[in-house]
A.B. asks: 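One structure follows; several queries about it will come next.
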Amino acid sequence: MGKELVTCGLPYANGPCHIGHLRTYVPADVYVRFLRMMGRDVVFVCGSDTHGTPIVINAEERGLSPEELVDIYHRHFQDVFRKLRIDFDYYGSTDSETNHRRTREIVKELIKNGYVYSKKIKLAYCPKCERFLPDRYVEGVCPYCGMEARGDECDQGCGRHLEPGEILEPRCKIDGSKAEYREQEHYFFRLSAFKDFLMDFLEHLEGTENAINYSKEWVRKELKDWCISRNLEWGVKFPGKDDMVVYVWVDAPIGYISFTEEYGKIAGFDWKEIWKDNARITHFIGLDIVYHHCIFWPAMLKGAGYSLPSAVVASGMVKIQDKTFSKSRGYVVWVEDDYLEEGFHPDHLRYYLINYTSHQKDLNFSWKVFGERINRELVNTLGNFLYRVMHFTWKNFGEIPEGRVSPEIMEKVERVRKKAVDLIMDYEFKEACDTIMDLASFGNTYFQSKKPWELIKRDRNSCAKVIKNCLQIVKALAILMYPVLPSSMEKVAEWIGLSPERINLDELSVEVEGGVVERPTLPLEKIDDERIEMAEKRLLRRIESMSVEEESRLISPEDFGKLEIKIGRIVTAERIKGSNKLLRLEIDVGGEKRQIVAGFAGKYRPESLVGKQVPVLLNIKPAKLMGVESRGMVLAVDVDGKPIILSPEEEVPEGSIVR
RNA sequence: GCCGGGGUGGCCUAGCGGGUGGGGCGUCAGACUCAUAAUCUGAAGGUCGCGGGUUCGAACCCCGCCCCCGGCACCA
């Protein structure tokens, strides 16, 4: 079998590493270590994703150049990965010369093959800055819901993704001045041409179901062509257009190819072996970027004549203390500041991430559970077994006893090896880990039942045999747990004379050899409850301080005064054709009849609403919904997304003011 | 609303071509003392989300409903 490639989704070099990142990288690292222990020739690459608007904005805000900002986080991630023993063969940057070249080459190839076309679209232009405003440089009004929105997404209102040029009343985010729409030519990737290809591709794609099912559904619906050019200086210049760069989601995955190429130069192989010769390619990613890896990326590769991914392995989301991960609300654990700096062991976090739950499911990180699981499972069961055997050997023999290991022990180890490998190949990392932990448990039971501490007093030979068997289990554990706990297991391996290069699966069928045994130290140490409490407190404080910030967003009476709310009477109510939620209402608000669209249909029958008095917000910007204009908003209670109408306690004249 | 994925003892879960619900952690009780108050043995603990149906028999099959997560959508 030739070379194969494993990659991890590229971290965006815009902020520090958090536990959510590791949810993908640790299992990938474990997977790669297993493949290597099986003798497979793996290339493992990753790198910083460096382009795109957020980095430009963030750099500007901090008075840095994009290069400087990217450099900070590029180093940071490398440092964190090194400390956590996530050992990429190569960690590159999408801003490298290779990646610029490769990206342009691929875009040119797509152009040549007819998969790119240009189209004039209208885009926000700031006359003051004298430039077109890409994506998030624009603020304005959402065309769908009328809320204040960003150029790429209606972040405060309906949450809808906005295509370039869609936003209304655009303003420049940099100087706040009014922007205007100007026509400009942009480039589109003909994704729609790949529908049949993708349907077939996804039928054969390996990996986790969560990735493949999602993608199939997306492809089944209509595929829209992608705008792949942006008005930005920071990025890969669009071929033939020096004033534009390619969209960051084009050059980011191409990084996988570039990093392979860059590493190939160092390691002495040709990147084409992998990217032109249908080598096995496995992408580890988070669930949030499935679309890019299962649809856009293979289409690009196909269109430009490169090898396609063999498997996409998507990890589930991370929750913090059972709440949705959220940096702005404080539900986040920073790997450097909160974990490593506080002196927690990298292997402990690796174990937790692998062993908490199956790879595809959501993983909850709670400090309390972390402390419990490390101490009660990892340290007590595995750590203690390793230590008690080594300690007993050292104290009573001073060396690994001569003699053979019992066949039943060798067979037991072999069964565990087979099961664990099968599970790893199925990306069931937790189950694989459990299987290996069972061996430690088996070891404890064996040790307990054979009572070597009694045997040593009356039958030294029998005792030696028992210990030899236990040492074989120690060896098996050191090897099989090595992918999850590399630094701890290297230490244990050394105790039994197993050098790092001999940590591989073939060694499992080799009997542990004689040699001097030194006094062991603790292979895995417990975590003090106090440290867990401190870490938890720190997290809770952060969450609290974030919510205090929210509280400080109090508004003034003047702000409230801006809202013009009056009582109106519903005079007509009817369903809007084609909508199962929306009603068209006519409301008498005192001398004026307003047409308002409201999402009450799921809860109320239209006829039951007629005659009701309700509060109406009159001076909200009008919006169109399902083609019906809505001038105002009926205020209602929202209970889990369901509306409950408010009405005054007694009849009041229409147009009465609410304040 | 639609499309995925889930709802199994306090927690993480196995079981889903039907035949008396398994495991691990925790809890409780014993045992042991080589070992990091570790380990070993045993026990308690479950209306398998809810309601129907098919069947001699359903966690598993069918129908309806509820809840959680994610995506999409018309979230005024």
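Computed from a prediction, not measured in an experiment: that's the story for all the values here. First the proteins, then the strands, lettered A, B, ... as listed; each starts at 1.
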A.B. asks: Is the distance between the ring centroids of A:F370 and A:F365 under 6.0 Å?
C.D. replies: yes
A.B. asks: Can you tell me how far P in B:rC40 sits from the matching atom in B:rG57, rounded to whole Å?
C.D. replies: 43 Å
A.B. asks: Expressed as a whole number of angstroms, how long is the span from A:L386:CG to B:rU36:P?
C.D. replies: 13 Å
A.B. asks: By a strict heavy-atom criterion of less than 4.0 Å, which residues belonging to residues 446-455 of chain A are in contact with RNA chain B?
C.D. replies: A:F447, A:Q448, A:W453
A.B. asks: Short of 4.0 Å, heavy atom to strand atom, which residues of residues 522-533 of chain A count as contacting RNA chain B?
C.D. replies: A:L522, A:P523, A:L524, A:K526
A.B. asks: Whole-Å distance between B:rG71 C1' and A:I212 CD1?
C.D. replies: 17 Å
A.B. asks: Should B:rC50 form a Watson-Crick or G-U wobble pair with both distances under 3.5 Å, which nucleotide is its partner?
C.D. replies: B:rG64
A.B. asks: For A:F385 and B:rC40, give me the distance from atom CZ to atom C1', rounded to whole Å.
C.D. replies: 13 Å
A.B. asks: Quick one: list whatever passes side chain to side chain contact (heavy atoms under 4.5 Å, CB included) with A:L617, sequence neighbours left out.
C.D. replies: A:L563, A:I565, A:N619, A:I620, A:M633, A:L635
A.B. asks: Quickly work out the A:Q360 CD to B:rA14 P distance and round it to whole Å.
C.D. replies: 11 Å
A.B. asks: Does A:K419 NZ have over 12 foreign heavy atoms under 6.0 Å away?
C.D. replies: no
A.B. asks: How far, in whole Å, is B:rG45 from B:rG21 if one measures between their C1' atoms?
C.D. replies: 14 Å
A.B. asks: Where the side chain of A:R376 is defined as all heavy atoms beyond and including C-beta, which of B:rU36, B:rU39, B:rG26 is the nearest nucleotide?
C.D. replies: B:rG26
A.B. asks: List for me each residue that meets ring pair (Phe, Tyr, Trp, His ring centres under 6.0 Å) alongside A:F325, sequence neighbours excluded, and say none if there are none.
C.D. replies: A:H18
A.B. asks: Going by the rule ring pair (Phe, Tyr, Trp, His ring centres under 6.0 Å), which residues pair with A:Y387 if we only count those two or more places apart in sequence or in a different chain?
C.D. replies: A:H391
A.B. asks: Would you list the atom pairs, donor with acceptor, under 3.5 Å between side chains in residues 423-436 of chain A and any protein atom, with sequence neighbours excluded?
C.D. replies:
unit_1: A:K430; atom_1: NZ; unit_2: A:N355; atom_2: O; d: 3.0
unit_1: A:K430; atom_1: NZ; unit_2: A:D434; atom_2: OD2; d: 3.1
unit_1: A:D434; atom_1: OD1; unit_2: A:N355; atom_2: ND2; d: 3.1
unit_1: A:T435; atom_1: OG1; unit_2: A:E431; atom_2: O; d: 2.8

A.B. asks: Pick the closest RNA chain B nucleotide for A:D438 and for A:G383 by heavy atoms, then say which residue is nearer the 5' end.
C.D. replies: A:D438
A.B. asks: Roughly how far apart, to the nearest Å, are B:rC56 and B:rC50 at atom C1'?
C.D. replies: 26 Å
A.B. asks: Does any part of the side chain of A:F385, heavy atoms only, come nearer than 4.5 Å to the side chain of A:V474, both counted from C-beta?
C.D. replies: yes
A.B. asks: For A:I295 and B:rC72, what is the distance between atoms CD1 and P respectively, to the nearest whole Å?
C.D. replies: 12 Å
A.B. asks: Which base sits across from B:rG1 as a Watson-Crick or G-U pair, both distances under 3.5 Å?
C.D. replies: B:rC72
A.B. asks: Closest to the A:T445 side chain: B:rC69, B:rU41, B:rU36?
C.D. replies: B:rU41
A.B. asks: So, using side chain to side chain contact (heavy atoms under 4.5 Å, CB included) as the criterion, who are the partners of A:A535 when residues are at least two apart?
C.D. replies: A:F344, A:W367, A:R538
A.B. asks: Sticking with atom P, work out how far B:rC11 lies from B:rU20, rounded to a whole angstrom.
C.D. replies: 27 Å
A.B. asks: With P as the reference atom in both, quote the distance from B:rA31 to B:rU47 in angstrom, rounded to an integer.
C.D. replies: 33 Å
A.B. asks: Who does B:rG17 pair with, Watson-Crick or G-U, both distances under 3.5 Å?
C.D. replies: none
A.B. asks: Excluding sequence neighbours, so at least two apart, what forms side chain to side chain contact (heavy atoms under 4.5 Å, CB included) with A:A314?
C.D. replies: A:T208, A:N210, A:A211, A:I285, A:L287, A:V290
A.B. asks: When rounded to the nearest Å, what value does the distance between C1' atoms of B:rG64 and B:rU54 take?
C.D. replies: 15 Å
A.B. asks: Please examine the side chains of A:H359 and A:R23, heavy atoms only from C-beta on, and report whether any two atoms are closer than 4.5 Å.
C.D. replies: yes
A.B. asks: Go through the structure and list residues passing side chain to side chain contact (heavy atoms under 4.5 Å, CB included) with A:P253, not counting sequence neighbours.
C.D. replies: A:W249, A:Y256, A:W297
A.B. asks: Can you tell me the pairing partner of B:rC28 across any strand shown, Watson-Crick or G-U wobble, with both distances under 3.5 angstrom?
C.D. replies: B:rG42
A.B. asks: Starting at atom CE of A:M390, determine the distance to atom P of B:rU36, rounded to an integer number of angstrom.
C.D. replies: 14 Å
A.B. asks: Give every residue pair that meets the side-chain hydrogen bond (donor to acceptor under 3.5 Å, both in side chains) criterion with at least one member in residues 437-448 of chain A, sequence neighbours excluded.
C.D. replies: A:R388-A:N444, A:R388-A:Q448, A:Y446-A:N469
A.B. asks: How long is the line joining NE2 of A:H391 and P of B:rU36, in whole Å?
C.D. replies: 6 Å
A.B. asks: Roughly how far apart, to the nearest Å, are B:rC74 and B:rG5 at atom C1'?
C.D. replies: 25 Å
A.B. asks: NZ of A:K319 versus C1' of B:rC69: gap in Å, rounded?
C.D. replies: 7 Å
A.B. asks: Write out a two-atom table: protein N or O, nucleotide N or O from nucleotides 3-12 of chain B, distance below 3.5 Å.
C.D. replies:
unit_1: B:rC3; atom_1: O2'; unit_2: A:E217; atom_2: OE1; d: 3.4
unit_1: B:rC12; atom_1: O3'; unit_2: A:T357; atom_2: OG1; d: 3.4
unit_1: B:rC12; atom_1: O2'; unit_2: A:Y356; atom_2: O; d: 3.0

A.B. asks: Judged by each residue's nearest nucleotide on RNA chain B, which is more toward the 5′ side, A:N444 or A:M633?
C.D. replies: A:N444
A.B. asks: By the 4.0 Å heavy-atom rule, please label A:Y387 as base, sugar-phosphate, or nothing.
C.D. replies: base
A.B. asks: For A:K395, check side-chain hydrogen bond (donor to acceptor under 3.5 Å, both in side chains) against everything at least two apart and list the hits.
C.D. replies: none
A.B. asks: So that I can tick it off, tell me whether A:E592 and A:K566 are bridged by a salt bridge, with the cut-off set at under 4.0 angstrom between side-chain N and carboxylate O.
C.D. replies: no
A.B. asks: Taking the C1' atom of each, how far is B:rC72 from B:rC12, in whole Å?
C.D. replies: 31 Å
